[in-house]
Amino acid sequence: MIITIDGTSGSGKSTVAALIAKKFGYEKLDSGALYRSMAHKILIEGADPADPEAVQKVLDGVKLHVENEPRGARYIVDGQDVTDQIRSPEVSQVASKVAGYPFVRALVLNMQRHYPYKKGLVAEGRDMGSVVFPGATRKLFLSAKPEERAKRRYQELIERSVDGAATVSFDEVLNGIVERDRRDEERENCPLVRPEGAIEIDTTNLSIEEVCVRMENAIAKPKRKKFWGYILGERFSEINFVYGFCYVLTKGIYKLFYRSEIYGRENLVPGKGIVAVNHVSFLDPPLMGSSIPDEVYAMAIDYLFKFPPFAWLLRKLHSIPVSGNASDRASLKRTLDVLSKDKKLLIFPEGERRKCGTLGPLKGGVAMLASLAKADVYPTYLYGTYQAFPPGKKFPKFWGKVYVVFGKPLKWADYEHLSAKEARVKLLEDLAVALRDLEQNLFKQKNISPN
Ligand code: DC
C-alpha cells in the first residue's frame, strides 16, 4: 500500500505524513529531505547551485543512506550524518534551485522508487502522486495560504534553534516561501501540480489533528487487498483469482521444467511501462507473464477470442484482442487505456515469432505506443524458448533452460525534446541496441550461442 501526500512546503504534509505513517505502521518517505541532502552536499562542496555542470560533478556517484530510527529518519550522505543541517534556510533555497535540474530529479527519483518499506509507505513531497508513484493506492494533496505556511515554518525554526530565537525574520521566511512556490510551480521540469485523482485538503484553518482525521477518512476504506496481494505482494493486490492462479502455476512450470533464471527484475519500477521483448516461440507470452513482477497486459490476435470459454480465460489473463489490422483504432485505444491506468504492457516489437531464433528488425508500433502514452520502455531479452519449442514444431520439449533479462528502461522523458518523428526513430534505434547488448551480455556470461 502506497499513500502519497503532495503539497507545497509548509502545508503540513510532513507532520501529518509522520502521524499517518505511525498510525498505520508504515514507513515514511520524506522526499524533500532527499533533495535537501543533495543540496547540503552541494553547499559543503562549495559548488555554485546555478551551475548545472558543477552540481552534476558534485553529485556524480553520491551515496545516500537513510536510517529509519524510532526518533525519525537519519540522512547519511557519503558517510556523513547531515540530518540536523538539512533544514536550514540556505539548504532550502539550494534544494529548490537544484530540484529543477533533470539529472537531480532522475537521481532522487531512483532513490525514491527504491525506498525500502515493509507493510506500506507514506510518500510525502511534490510529485509523489503525479510522477514517482502514479499507481499509488491513495493520493492526497495538501494546500495552505502562504502566510499560514510562513507562520508554521517560522515556529519550526524557533523550536529547532538552540537559543529559542530564529536567525531570520518572519518576513524573510514569508518571502522565501513565496519565492520557492513560484519556482516550484513555474519550473519546466516537474512543476508542483495536484496529481490526478488526489483528494485535496486545505489546511489553512485546520489543526494537525483535524487534518489527520480528514486524511484518515480519505484513506479509511482502502480497497481490500485481495488474496493474491498477500501471497505475491503489493503489486498483485488487484489481480483476479484466475490470473494469480495461472501466474503461480506457469512460474512453477518454467522453474521446474525449464529451470528459468530471471535477471534485472529490479529495473521494473511500479507504474506504467512497456516491456519490449524478442519473440521466438509460443512459450514466450506465458514465460514473460510469469516473469514480470507486476500485473501485465498483452495483445492477442482476435480470432483467439472466437471460442467463448477461451475468450473468458484470455480476458482474465489480461489479453487485449487486436485485429492485426494496422488501422484498428479500437485495439489501439484499449492498449493505451492500459497504460493510462498505470499498468504494464507486454509487446513483441519484432511483430511475430522469429523463425531463426535470432533478433530481427523492430516494427514501429512500440515507439508509437510509447510516444502516445509517454511511457518508458523496458528492453527485455529472453532465451531458451526457441530451443524448447521453435516455430514449425508441433510439440515442445518438456525440459530445457530459459533466461529472461530485463534491461534498464529507455525513459520517454529523454526523448521528449525531439520532434515526434525523431523521438520514435531514436527510441526504436536505442531499443534495438539495448536488446543486442542484453543478448551479447547473456551469451558471454552464460557461455551460450544463438541457436
Ligand atoms: O518539502 P521541502 O521543503 O523539504 O523540499 C525541499 C525542496 O525540495 C523544495 O524546494 C522542492 C524540492 N522538492 C521537489 O522538488 N520535489 C519533491 N518531491 C520534494 C521536494
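First listed ligand is number 1; within each ligand, the first listed atom is number 1.
For M128, the closest heavy-atom approach to ligand 1 falls below 4.0 Å.
In terms of N/O distances under 3.5 Å, ligand 1 is not approached by E124. At least one N or O atom of R36, backbone or side chain, sits closer than 3.5 Å to an N or O atom of ligand 1. At under 3.5 Å, a nitrogen or oxygen of S31, whether backbone or side chain, sits near a nitrogen or oxygen of ligand 1.
Against a heavy-atom cut-off of under 4.0 Å, G125 is close to the following atoms of ligand 1: 18 (N). Ligand-side atoms of ligand 1 in range of R105: 14 (C), 15 (O), 16 (N), range being under 4.0 angstrom from any heavy atom. Those atoms of ligand 1 with a heavy atom of D127 less than 4.0 angstrom away are 17 (C), 18 (N). The K13 neighbourhood of ligand 1 comprises atoms 1 (O), with distances under 4.0 Å to a heavy atom of that residue. Per-residue contacts place A95 under 4.0 angstrom from the following atoms of ligand 1 (heavy atoms of the residue considered): 7 (C).
Looking at R153 against ligand 1, only its side chain comes within 4.0 Å, counting heavy atoms. Heavy atoms of A99 found under 4.0 angstrom from ligand 1 belong exclusively to the side chain.
Annotation for R113: atom CZ counts as buried by contact number, over 12 foreign heavy atoms lying within 6.0 Å. In this structure, K251 places its NZ atom where more than 12 heavy-atom neighbours from other residues, nucleotides or ligands lie under 6.0 Å away. In N205, the CG atom is not crowded: 12 or fewer heavy atoms of neighbouring residues, nucleotides or ligands sit closer than 6.0 Å.
Every side-chain contact (heavy atoms from CB on, under 4.5 Å) that R436 has, sequence neighbours left out, goes to L359, E439, Q440.
A ring-centre distance under 6.0 Å is found for F443 and Y383.
Y381 and D437 share no side-chain donor-acceptor pair at under 3.5 Å. A donor atom on one side chain and an acceptor atom on the other are found under 3.5 Å apart for Y263 and E261.
Legend: side chain to side chain donor-acceptor pair (under 3.5 Å) pairs involving residues 53-64, not counting sequence neighbours: none detected.
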